[in-house]
Amino acid sequence: MPDHTGNDLDLRGLRRGAYVIVGGIACALAAGALMLHEWGPAANTPPHPFQGAAPLLQPAPQPDRVDYFAEKRRVTGSYGWVDRQAGIARIPLDEAMKLLAAGGGAAVPAARAAAGTPAPTPGRTPPVLAPGKEAR
């Protein structure tokens, strides 16, 4: 009859189980090494590691970022030509929002209005047509 002091633990069974686990791991590693040797690396392994130069990073990009956003503020806040020959101009963003709010509708570009193409319906993606085909 086993006693409950902990002296009846069968260490031979634990040892055998540990040997089986370690042996299984060793067999799996050996099988993997054999397969790698026979079949080579995986198909998605790159043939050669990247040998190019490291990308050139700015040590302090903050001044360029400030300049970039200042230029964007200047462009969106001023009048100017986008394409003078086509008659496309740029107006300040605040002015454009006021005009849209006062008009109560969507803006129609001059080229679209001249061609007689209706403005797209909000919330609906316009159809993509092949060149030379008309919408039905």
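All values reported here derive from a predicted model rather than from experimental measurement. Throughout, numbering of the chain's residues begins at 1 and tracks the sequence.
- The CG atom of L100 sits 11.0 Å away from atom CD of E95, with the distance rounded to the nearest 0.5 Å.
- Each of R65, E71, K72 was evaluated against Y68; a single residue qualifies, K72, per the side chain to side chain contact (heavy atoms under 4.5 Å, CB included) test.
- Taking CD from E38 and CG from L34, the interatomic distance works out to 5.5 Å, rounded to the nearest 0.5 Å.
- Taking each heavy atom of R90 and V82 in turn, the nearest pair found is CB-CG2, 3.9 Å.
- Minimum heavy-atom separation, S78 to R74: OG-O, 2.9 Å.
- The two residues I88 and W81 make their nearest non-hydrogen contact at O-CE3, 3.4 Å.
- Side-chain heavy atoms closer than 4.5 Å link hydrophobic residues (I, L, V, M, F, W, Y) into clusters, and following such links, even through other members, never connects Y19 to L11.
- Side-chain contact between I91 and L99 is present, with at least one heavy-atom pair separated by less than 4.5 Å.
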